[in-house]
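Here, residue 1 is the first one in the sequence, and each next residue gets the next number.
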Amino acid sequence: VIGEYPFIKAFAVTSNTADIFGLSQFSWVDYISSVTVAKTLMRDARSKIKVEDLHKAGYLGSGVSVAVIDTGCFPHIDFTLGKNRIVKFVDLINDRSQPYDDNGHGTFVAGVLAGSGAYSGGMYKGIAPDCNLIILKALNNDGQTQAFKVLDAMQWVFENREKYNIKVVCMSFGSTPLARNDPLSLGATSLWDVGITVVGAVGNDGPKEGSVKSPGSCAKIITVGCADTTTEKIKVADFSSRGPIFDIVKPDLIAPGVDITSLANSTEFLTQMTGTSVSTPFVAGVAALLLQRNPFLTPNQIKAIIMYLSLIHI
């Protein structure tokens, strides 16, 4: 046994084929999955999703904690100036205690979500610039990880959600879903069911149908595709994965994700990226704004509001 995940009533093992077959014969075994690998997949963009009026009204994500499961986070001044909003850092890869990012993806995602704009004079401020960040490094310096590490991160969020007031989880990565009961999808469902709004990327394998990645394949969570807003007419980016997946219509909506500028994990401070992993924190940030306005909103209500108000509908 190499991992235990009571929040989805599961455990991870290394085993041979014969023993796997033996396990499958027990009545208490509902599902067996093989190992999967998860990969990492703003000024103008802010105006596209119409959050400027919310900012002016004082809704900046204050008091809401968002967990970012990714490659880590560089302690950029946009997170630390005045007040350190990286309130917890959990390293499931190298077991280090201080925030860092040896890839850059996680820092970029956190910047879109929660950058204060301090370095750029407000030009590249994130969607929820006052929210607290819970950073869980579950992906390595190559932006990859085994599903077990992501489940470890989900289990940590499940167990610590009340202590850190975690209301939103942002997951800008994906793996090939093995079935409807994919472990990452089950984990996302468990978090959703205890009141955490889970936002996941649809993946970058478009335009092929059925190319949605897990945990974006989870029916309940908010799955985000990529909008190309660099031209006069907004369109779905060609690379953005398409559904349906297991007869589920996905993604739920699209958000900006082409040529977005956000924070870097070095002294360069700013960089540019494209992908559905960039689109995902836009929506996670909006969820944080809604939760500041009304902390009693359920994940289902937040999903309905965001889709109804159409950040950018397909």
Side-chain angles (χ1 to χ4, degrees), residues 2-3 5 12 14 34-41 66-80 84-115 119 124 126 133-157 169-176 183-184 187-188 199-205 213-216 224 226 239 241 257 259-281 284:
I2 61 174
Y5 313 105
T14 56
S34 62
V35 175
T36 57
V37 176
K39 301 180 181 179
T40 56
L41 307 175
V66 181
V68 179
I69 302 175
D70 214 292
T71 63
C73 186
F74 178 74
H76 197 285
I77 62 171
D78 268 32
F79 306 130
T80 60
N84 185 359
R85 290 184 294 116
I86 304 176
V87 299
K88 183 65 177 178
F89 176 73
V90 180
D91 184 1
L92 299 168
I93 301 297
N94 299 311
D95 198 29
R96 291 165 58 177
S97 60
Q98 297 300 314
Y100 73 99
D101 183 358
D102 51 9
N103 176 277
H105 188 271
T107 302
F108 191 97
V109 167
V112 173
L113 168 68
Y119 176 74
Y124 300 113
L133 291 169
I134 310 297
I135 304 296
L136 295 107
K137 180 175 173 57
L139 284 80
N140 63 19
N141 61 335
D142 291 325
Q144 298 189 28
T145 193
Q146 290 189 333
F148 300 144
K149 290 295 182 182
V150 177
L151 288 173
D152 284 335
M154 290 182 178
Q155 179 70 47
W156 190 96
V157 170
V169 174
C170 180
M171 295 190 285
S172 289
F173 54 82
S175 66
T176 302
L184 297 187
V199 185
V202 72
N204 298 329
D205 285 345
K213 298 300 184 184
S214 180
V224 187
C226 182
F239 60 79
S241 291
D259 295 340
I260 303 297
T261 299
S262 184
L263 307 183
N265 67 332
S266 68
T267 54
E268 295 175 2
F269 289 105
L270 295 172
T271 189
Q272 197 172 77
M273 287 188 188
T274 291
T276 58
S277 60
V278 177
S279 307
T280 303

Keeping to residues at least two apart or across chains, list the salt bridge (Lys or Arg N to Asp or Glu O under 4.0 Å) pairs with something in residues 90-113.
D102-K137

Between F269 and Y119, how do the two ring planes meet: parallel, tilted or perpendicular, split at 30° and 60°?
parallel

Describe, in one word, how the ring planes of Y5 and F148 are oriented to each other, choosing from parallel (under 30°), tilted (30 to 60°) and perpendicular (over 60°).
parallel

Working for side chain to side chain contact (heavy atoms under 4.5 Å, CB included), residues L139 and N103:
CA-CA 9 Å; L139 284 80; N103 176 277; over 6 Å; no

With sequence neighbours left out, the residues meeting salt bridge (Lys or Arg N to Asp or Glu O under 4.0 Å) with D152 are none

How long is the span from the [atom1] atom in [X] to the [atom2] atom in [Y], to the nearest 0.5 Å?
{"X": "F79", "Y": "L263", "atom1": "CZ", "atom2": "CG", "value": "4.5 Å"}
{"X": "H105", "Y": "N265", "atom1": "NE2", "atom2": "CG", "value": "12.0 Å"}
{"X": "T261", "Y": "D259", "atom1": "OG1", "atom2": "CG", "value": "8.0 Å"}
{"X": "L133", "Y": "T80", "atom1": "CG", "atom2": "OG1", "value": "11.0 Å"}

In the structure I gave you, are the side-chain heavy atoms of [X] and [Y] within less than 4.5 Å of one another anywhere?
{"X": "C73", "Y": "I86", "value": "yes"}
{"X": "M171", "Y": "V199", "value": "no"}
{"X": "W156", "Y": "L92", "value": "no"}
{"X": "C170", "Y": "T280", "value": "yes"}
{"X": "I69", "Y": "V169", "value": "yes"}

S175: partners by side-chain hydrogen bond (donor to acceptor under 3.5 Å, both in side chains), with sequence neighbours left out
none

What residues, two or more places apart in sequence or in another chain, satisfy side-chain hydrogen bond (donor to acceptor under 3.5 Å, both in side chains) together with Q155?
E159

[X] versus [Y], closest heavy-atom pair with distance:
{"X": "G72", "Y": "I135", "result": "C-CG2, 3.7 Å"}
{"X": "F239", "Y": "G275", "result": "CE1-CA, 3.6 Å"}
{"X": "S279", "Y": "C226", "result": "OG-CA, 3.4 Å"}
{"X": "P99", "Y": "P75", "result": "O-CD, 3.7 Å"}
{"X": "L184", "Y": "M154", "result": "O-CE, 3.6 Å"}

Distance-only, no hydrogens or angles: does the [X] side chain make a donor-acceptor pair with backbone N or O of [Y] under 3.5 Å?
{"X": "T71", "Y": "G143", "answer": "no"}
{"X": "T271", "Y": "A264", "answer": "no"}
{"X": "D70", "Y": "T107", "answer": "no"}

The test is side-chain hydrogen bond (donor to acceptor under 3.5 Å, both in side chains); show your working for T276 and N204 and say whether it passes.
CA-CA 6 Å; T276 58; N204 298 329; 2.8 Å; yes

Qualifying residues under ring-ring contact (aromatic ring centres under 6.0 Å, His included), relative to Y100, sequence neighbours excluded:
F89

Pairs involving residues 140-149, ordered by first then second residue, that meet side chain to side chain donor-acceptor pair (under 3.5 Å) (sequence neighbours left out)
none

